[in-house]
Each structure stands twice: as C-alpha cells, then as structure tokens.
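Lettering of chains follows the sequences in order, A, B, ..., and the numbering in each one begins at 1.
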Number of protein chains: 2
Amino acid sequence: MFQLLNNTKNNQALATLEAQPLTEDNKNMATIKDVAKLAGVSKATVSRVLNGNERVSQIARDKVKQTMKELGYKPSALAQALATNRSRTIGMVVSDLSGPFFGPIMKSAEKVIRDAGFQLVVTNGHGQEDREREAIEFMTNRPVDALILTVFALPEEEIVELHRNGTPIVLLNRRIQGFEDNCIYLDNKQGGYLATKRMLELGHDRVAFLAGHFTHPDSLERLEGYQQALDEFGIPFRQDLVFDDDYNEDGGRRMCQKLLNLKRDFSAIFCGNDLIAIGARDVLNQHGKLQSTCMVGFDDVTFAQYLNPSLSSVFFPVEQMGERAGHMALAMAGHKTAAVTHVLQPRLIERESLMAAQPND
Amino acid sequence: MFQLLNNTKNNQALATLEAQPLTEDNKNMATIKDVAKLAGVSKATVSRVLNGNERVSQIARDKVKQTMKELGYKPSALAQALATNRSRTIGMVVSDLSGPFFGPIMKSAEKVIRDAGFQLVVTNGHGQEDREREAIEFMTNRPVDALILTVFALPEEEIVELHRNGTPIVLLNRRIQGFEDNCIYLDNKQGGYLATKRMLELGHDRVAFLAGHFTHPDSLERLEGYQQALDEFGIPFRQDLVFDDDYNEDGGRRMCQKLLNLKRDFSAIFCGNDLIAIGARDVLNQHGKLQSTCMVGFDDVTFAQYLNPSLSSVFFPVEQMGERAGHMALAMAGHKTAAVTHVLQPRLIERESLMAAQPND
DNA sequence: TTGTAAGCGTTATCAC
DNA sequence: GTGATAACGCTTACAA
C-alpha cells in the first residue's frame, strides 16, 4: 500500500523533471524594475509600497501589489541590505554547534529572531581564540546587524572594541565589567549554593565538589556557592574535597578516581556539570558505590532524566537564555522589543540520585 | 588570585570604554574606493588584486595590498554577492535545531563549508509543511548558492521545482525517484536487518518491533530489514509483534505497554529509534523486565552509551552525512570537491542491552 | 502623491 | 596592464 503511494508521488516528480530541462539561469527572479514597468509606475513607488508606510495612492498601491503577485516578485534581501546598510540578520557564535547545551539556546534564539522577520546565522567558534576571531570576522563581513557571542577564549578588550566599532554585541555566559548591559549569564553562585545546601539538608556533611577548571569563572562562582552553603551549616570548608579538571566525562572520571584513591571520606558529590557527573558515576559504579552516593550535577541536560538512577541537577534555563539573547540582539538591531534580564536564575531539579543514600551508611 | 586576574582585565575593558565614546557610525569601514584613492590606482585594479588571478603589475599589486592592510580593508561580502550573483553562502533547513540528531550533522557540514570559505546559514523547519516552505523562502531571498534540506512534510514536487528554478538542492534522509543524485540517505533496510539478525543469532526467536509511524518511509524500510532477517532464520513474521507510534519516548511507552498488556510472548525488542527505546525501557523497568529483555535502538544518539544498562543501537553516521552534504552543496555552488556517496551504511553498536538476557528465561 | 537620479560596494566589459 | 563606466536590485533625498 505504501509502495503504491510512493510510486504515485515519484511519477509526478519524474514528470516535472522531464517537462522542464534545467536551464542554469532559470533564476530570472523578477526585480523591482519589472514590477514598476508592468504596473506603469516608477521603481520608487514600488519601493514605497514594499516598505509599507509611505504615502502612496490607494489605486497605485493596489496595482503594484497585484503586479507583484503576478510576477511572484520577492525583494532581494541582498540589495536591500546594501542600500540600507542593515541586513536584518543576527549572527551567533557558539562554542559547539552540536551538544545538548547550545542546541536549545540556538533554537529559542532563532525562534524570536525569525518571528521578527530577521535571520539567524550561526557559526562555530570551537572555543578557541583564533577560531572565534575568525568566526566573528566571517560574520561582520556579511554583515550582521547584531552579534550573539558565546566566546570564552577571546580577550575582553576585543569584544568591547568590536561593539564600539559598530557591531552591537550580546555576550552570553560571560560578564565583563563595565559591559554588563550587553551580558546575559547565569547566577552560578546561586546554582552551587542550591545544590550544596540541599545535600547538606539531607544530612550529608561531607560533600565533595568535582568542578570544571577554575580558570573558568563559572567554576569559581559555583565554588563560592558551595562555600556559602557550607558556611550556613557551620561546616568547615575542606580543600581536600575539591578537585578541578576538564568539563567532560573524562574529567569526571579522573576526579572521582582521585577522590576514591585518596580514601577521602564523603557521602555526596556536587559536580561542575552533568558530563562530569556521568564520568564520576562510571567510576562509582565500578566500585559499587553508585547507589550509595548522593549526587547533583549542573546544567540539567536532556539525558540527565534518562540515567539510572536519574541524575539530580541544577537546571540551567537555556531556552530562556536564548530567548533573551534574541530579544536583546533585536533591540540593538533597531527592532523594538521588551526589556531583558541580564542575570538568569538556576533551580534545583531533584531526582533519584539525590535520594539514593542515607548519609551515614 | 583569579580575582586579581579578573580585575586587571576589567580595568582595561573599562579604559577602552571611556576612551572612545560610542559613535553610531564608527562603522566607517574602508571601501574599495578608499583603497583605490590612497593607492593611486583605479577601483578596477584593486578589484583585480582582490580576486587574485588577473594581470596586474607587481608594483601596483604590492602597493594595493599594502594600502589594504593600512586601512584594514575587508571587502563587503554583500556587495560582492550583489555584483556576482553568488553569495558564497549555503543554506540549511533542519527539522530541529536542537536535539542529538541534527547537531552533529550541522556541525560537520559547517566545518567543510567554512573551510571552503563559504558560510552556512541554518534555519528551523520544525517538520511542518508551512514552516518548511517559509524557511526555504527565507533562504532563497538572501540568496544562497545551494540549499541542504531536511524536510519531511514538503511535497516532492516543490523540492524538485525549487531545484529546477535555480537553487541547487541537497536532500537529506529522503529519496525522490528521478532526483537521487541530490539525495543522501541511510540504508534503513540494512539497519533493520543488522539489528534483528543479531538478536536472532543470540537465540531470540520472538523479536518485537516498536517502530515509528509507518507513514514515514524510514520506518517501512527498517521493517523490510526486520522481515528479511526473520526470513533468513526461517522465522515466520508475526504482525502482532509489530507496533507503530510516534518517534519519541511517549510513543515507546505506549507501544511497550500495549505489547505487555496483550500478553504477547517476546524476549527481545527492536526499537525504531533511541527515544522509543527509552520510553519502552521505562515501562519494562516498571514491570521488572528491563534486565531480562534484549533491546536494540536506532540512531545511536550520544546518551545511548550512558544508559544503564547501556543501550545497543544501530549507528547512524550523522557526521558523515553532514560532511557529504557539505561537499555536495559546495560542488553545486561551483566549488570543486570530491565525489560523494548517496547511500550511507549503518552499523550495529553492541552494548549491554544486547547481552542482558538469555532467550528463554 | 509620484518620478528622477544618486547612491550602496562590488564586478565586469570595454576601450586605451 | 590599467582605467572609465555600466551593471547588480534596492532605497531615498529632492523635485515636481
């Protein structure tokens, strides 16, 4: 039955294929000139009805609109951009085009941007300084009306200067002093605080922290939150329960291994992100300690809920960040939009990994 | 210590900020005209050295190059596009900007495209016909030199016609008869075959198939593979072991629930994709049957390996697909590239879920 | 209200 | 080799 369906469709496609041989320059899109000529008006008038608001007689306007339809006329965004010096395009540089973190950010940003009649252009900065610079240059030559940046490697000065030179910037996950109005970032300290506090409330008084590298400001802020929670519970901070390594599974594995090797006493682990958590779980599992260790990750990527036991995590409002970034960029590009928040609030998602164990087993 | 570092940086940024008040039109990028004037040659000559190959005297060429540097001149991609009618841009429409499946495709496509000096522009089609059409229109107005499409809803005729009208198309995950040269897709039948065969080899003679909707050609092809494997092992096909529903967790949950409710006899399950597998596992787990059921998913998304027991899956070569698509699009855009394959081969990734049970427990 | 014409920053076709 | 000059498709004063 589906075979039948398929064939019907395919025959149609085939027919079209044969009927109309491929002429390279079938691409003869109608131009504003064609419309003007056929409608018996000047290019200027056509341009006016195109841009809506001008004063054009109803009769001319109708005539032009009709002609546009007949010709299937679509204005060339390119020519418009050249003439107006605005491309209705927003650029975005992420440090990983794939991956569970940037996907949702891009998605939600793209939505608000496209709904405003703008276009989002995304490019990969790979988290490396030269690649980031190159990516940005790529975009500014297009050009773009605003730029959403997620760059960790590029020096602050360059970012600020880019903005001064006329390319409005929205900076994600990074805060530059004196440039805060252009930044959107998570309250990382609060995230670290929430996670740690909850584990302490559950009675765990020896909470390890497997962080990402402390060269990354986020890690330090999360550490501050961790410390604050300890303080509140009157538990002394122990340097020997804190580790730092890469923000990925291998980093998690190494840190957890160290923790175990050193025979440190602990019953709970706070991880710098969910990938670290996954690596750590792996090691815990090998030692039969997965079920008996309380754990909280960070970011709450999609698969955290699929793990077994499901992973508790500090939720990073990625969609929200994308949305805000989109609005902000649009505002900078001269498009009216609502006011934006610069600091996003995390919240703790409690799942099985939090309840897995009693503190003093 | 990091605080110190931060402050140093920030002060610099701040200094820059104050030194150079924001003038809206700081954006006075040098144009080809400026270069020509300062170098004492004509625009034509500058254009020639810009495009490399022409016959320009060494002395003039040097002079121009130097001047370009001094002025920090960057050609406007926009003006170039308008003049040449090629934008050095490749468009891509995906049906989900986030998600584990399209991420890697975009990523690898972007790499080959950018390495060729082209730009990738990605847009979301949301898998809905009108959105897809709109997305494509958005791109063709830019315009783009070629288009990589992942559209399931858009009618075949429209796609073929678009191509005829001068926008070269690369079509992913879909095959249109008479249009195969523009398509890149997985050998789904082979995927279904590999998964089923392996389970049969392990002694499971009652393998259920929780498929995605059979309105989707992929599902049917995978079903064919499933049947072929059964045939080879001389096991009769049983319609009552096959279900179809949405390609997501809920679909998986529903199908698995049905399977259990109907008291069908089975020891292994082949799932239409990994999300279906996740949903099904959920239900199996509730019934204490997770460990005792042999299972294979499809796509091998990143988190399959993180599940517990880890999920076996038919690997979909997403990076390869993105790469090929990029090369193919570049070739169509007039950029020389290597030959491409149109049919991609899956392979079976064996993990714990395959070994979980003995057939006749 | 409408048209003319001068841009926007390139490339490309001519002559010289 | 090199330089005018006309496109490319649109916007936008400035006139009419």
| So, does A/Arg174 use its side chain to make a donor-acceptor pair with the main chain of A/Val151 at under 3.5 Å? | yes
| field | Summary of protein contacts for nucleotides 4-11 of chain C, nucleotide by nucleotide, where a base hit scores B, a sugar-phosphate-only hit scores S (4.0 Å, heavy atoms) | value | B--BBBBB
| task | Not counting sequence neighbours, which residues clear ring pair (Phe, Tyr, Trp, His ring centres under 6.0 Å) with A/Tyr185? List them please. | result | none
| query | Does any donor atom in the side chain of A/Gln66 or A/Glu70 lie under 3.5 Å from an acceptor atom in the other side chain? | reply | yes
| request: State whether A/Arg133 and A/Glu137 are salt-bridged, where the test is any N-O pair (Lys NZ or Arg NE/NH1/NH2 against Asp/Glu carboxylate O) under 4.0 Å. | output: no
| request: For A/Ala60, answer base if it contacts any base atom (sugar-phosphate contacts may also be present), sugar-phosphate if it contacts only those atoms, and nothing otherwise; contact means non-hydrogen atoms under 4.0 Å. | output: sugar-phosphate
| query | Can you check the B/Arg86 CZ to D/dC8 C1' distance for me, whole Å? | reply | 15 Å
| said: Restricting to non-hydrogen atoms, name the atom on A/Thr67 and the atom on A/Val35 that form the minimum distance, rounded to 0.1 Å. | reply: CG2-O, 3.9 Å
| field | Check: A/Thr150 side chain, A/Val94 main-chain N or O, donor-acceptor pair, under 3.5 Å | value | no
| query | Could you state the NZ-C1' distance from A/Lys63 to C/dT1, rounded to the nearest angstrom? | reply | 18 Å
| Atom-to-atom span, NZ of B/Lys37 to C1' of D/dG3 - whole angstrom | 16 Å
| request: Starting from P on D/dG1, measure out to CG on B/Asp62 and report it in whole angstrom. | output: 14 Å
